[in-house]
Amino acid sequence: MIADRITEKLNILADAAKYDVSCASSGSKRKNENKGLGNASNGICHSYTEDGRCVSLLKILLTNHCIFDCAYCVSRKNNDIKRAAFTVQEVVDLTINFYRRNYIEGLFLSSGIFKDADYTMERLVRIAKKLRTEHNFNGYIHLKSIPGASDELMREAGMYADRLSVNLEMPTEAGLKLLAPDKNRQDMIDPMNFLKNEIILRTEEKKLFKKAPLFAPAGQSTQVIIGATPESDQQVLQSANYFYKNFNLKRVYYSGYVPVLADKRLPALNTTVPMVRENRLYQADWLMRFYGFNVNEIVNNEQPLLDLDIDPKLSWAIRNMQAFPIDINKADIQLILRVPGIGMLSAQKIVSARKFAKLSLDQLKKIGVAINRARYFIVCKSNEFERRDLTGQNIKQFILAESQSKYIRNTQSQLSLF
Ligand code: SF4
């Protein structure tokens, strides 16, 4: 009977949590000491469902009751759905049981807001504390911070969680006002600011005193919903860039809006989930964080939307043909990283390999460079310079045509198996 009740709660609260995509569990260094349960320093894998959602953690809400009425959220107070709430002990027991059975590597816990922010946050913190102190659980814990929660609770949360995140929800304040009028952007910014300062302070402390306790070792992240409000990619990426720079965020997660609720402020129910846009935003985000691109190079007033047909690096390259060709055998790694078809690993391999001999197209291919894209933008030992007098638009068409025919070839060879 009790098991049935827990199963029912689990169905409701795991289903309600699936719209939150910010659950990748990277970057933690929590070690298993004293023969405790789990180990977040290795073995935490990121499993994603086909639509890109992470599935390796027990991902649930503490409750889907909520005092707020955010238009885009299935848990909003005026939505007529089945409600449920776990007790603190139930979440602890579920986590431990699932972990022992190898179903999960850790816990991703969020919640609707019972009563007020502190009342809810206190329960989330209590769960993490019990897992760490009573069960010696060393698996990964990602807690969603409730906007408006007090500094004391945020500090305590950081003592037990690997990662904390405060969802911005909408890329801009205007979007938030429109769809979540109960919420206040400042209630999100304050805890983010507190976490940023506390993480810096605790990291310094840890350098001085090895035994100083960990504080949110996997840092803080946030999530924005895209497609529910009309912000352009330029607004989305500028906002992400601002939060990366000012709050030391580890990640911004972009969640394509899933239309599940009818509301005149929202896109119609039959609107397609913007999965391609979501993917392009992640690619643009990588360019900003790891490839040295400035946000204005990717999107700007002339080009406020990402090109959905091609990745943002290729899109930048064909708009900036004057920057090419890049000599693979001489150029600085930062320039090589700007070549479409060359990723971080390939760029590093190029720089190491060219010390011994000049590289040709064949060698670049062996290194892992996507020659079909890179060849229009580089010179190397091979004589052919594929760009010739092509314009950026010509190159785009060639690349698209080639990937299209490759797709058809692959489909045909797969079909011939049946
Ligand atoms: S506060 Fe969170 S759970 Fe509540 S309605 Fe808004 S988004 Fe949903």
Side-chain angles (χ1 to χ4, degrees), residues 9-23 53 59-86 91 107-125 127 142-150 153-154 157 161 163-192 220-229 231 236 239 243 252-267 269 273:
K9 285 188 192 183
L10 190 57
N11 287 339
I12 295 170
L13 296 169
D15 192 59
K18 74 183 177 197
Y19 299 99
D20 199 318
V21 296
S22 50
C23 64
R53 317 284 167 190
K59 184 177 171 184
I60 48 171
L61 299 188
L62 174 64
T63 180
N64 65 344
H65 286 280
C66 193
I67 55 170
F68 284 178
D69 203 31
C70 308
Y72 49 85
C73 177
V74 278
S75 302
R76 62 189 280 190
K77 76 175 174 202
N78 284 325
N79 195 22
D80 185 18
I81 50 163
K82 233 179 178 177
R83 305 280 172 173
F86 282 122
V91 177
L107 172 68
F108 173 88
L109 185 62
S110 182
S111 184
I113 306 177
F114 286 121
K115 248 174 148 180
D116 61 42
D118 274 355
Y119 184 88
T120 313
M121 192 70 206
E122 191 269 331
R123 275 156 181 74
L124 299 183
V125 172
I127 289 166
H142 180 161
L143 288 188
K144 278 276 147 174
S145 312
I146 305 298
S150 67
L153 283 168
M154 295 302 291
R163 172 166 287 183
L164 290 164
S165 52
V166 187
N167 280 358
L168 282 169
E169 308 290 15
M170 293 300 138
T172 60
E173 197 163 357
L176 190 72
K177 259 198 188 119
L178 176 72
L179 297 185
D182 303 319
K183 281 186 174 166
N184 179 349
R185 186 89 154 180
Q186 201 55 41
D187 283 345
M188 298 157 186
I189 290 177
D190 289 345
M192 275 181 165
Q220 63 167 328
S221 61
T222 193
Q223 172 180 280
V224 287
I225 298 169
I226 50 146
T229 40
E231 286 96 351
V236 174
S239 164
F243 282 94
V252 173
Y253 291 89
Y254 307 92
S255 173
Y257 173 66
V258 182
V260 283
L261 298 164
D263 186 306
K264 60 180 184 315
R265 292 167 292 173
L266 289 167
L269 279 177
V273 180

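Counting convention: from 1, in listed order, for ligands and their atoms alike.
- In this structure a side-chain-to-backbone donor-acceptor pair under 3.5 Å is present from T222 to L168.
- Tested against Y119 for a side chain to side chain donor-acceptor pair (under 3.5 Å), the candidates E122, K115, R123 yield a single pass: R123.
- Put simply, the side chain of N64 gets close to the backbone of A84: a donor and an acceptor are under 3.5 Å apart.
- No donor-acceptor distance shorter than 3.5 angstrom exists from the side chain of S75 to the backbone of G112, with no hydrogens or angles considered.
- Note on atom 8 (Fe) of ligand 1: protein N/O/S atoms under 2.8 Å are C73 SG.
- With V236 as the partner, the side-chain contact (heavy atoms from CB on, under 4.5 Å) test is satisfied by one option alone out of T172, I226, T229: I226.
- Within the listing of ligand 1, atoms 1 (S), 2 (Fe), 6 (Fe), 7 (S) sit less than 4.0 angstrom from a heavy atom of K183.
- Electrostatic pairing of R76 and D263 counts as a salt bridge here, judged by a charged N lying under 4.0 Å from a carboxylate O.
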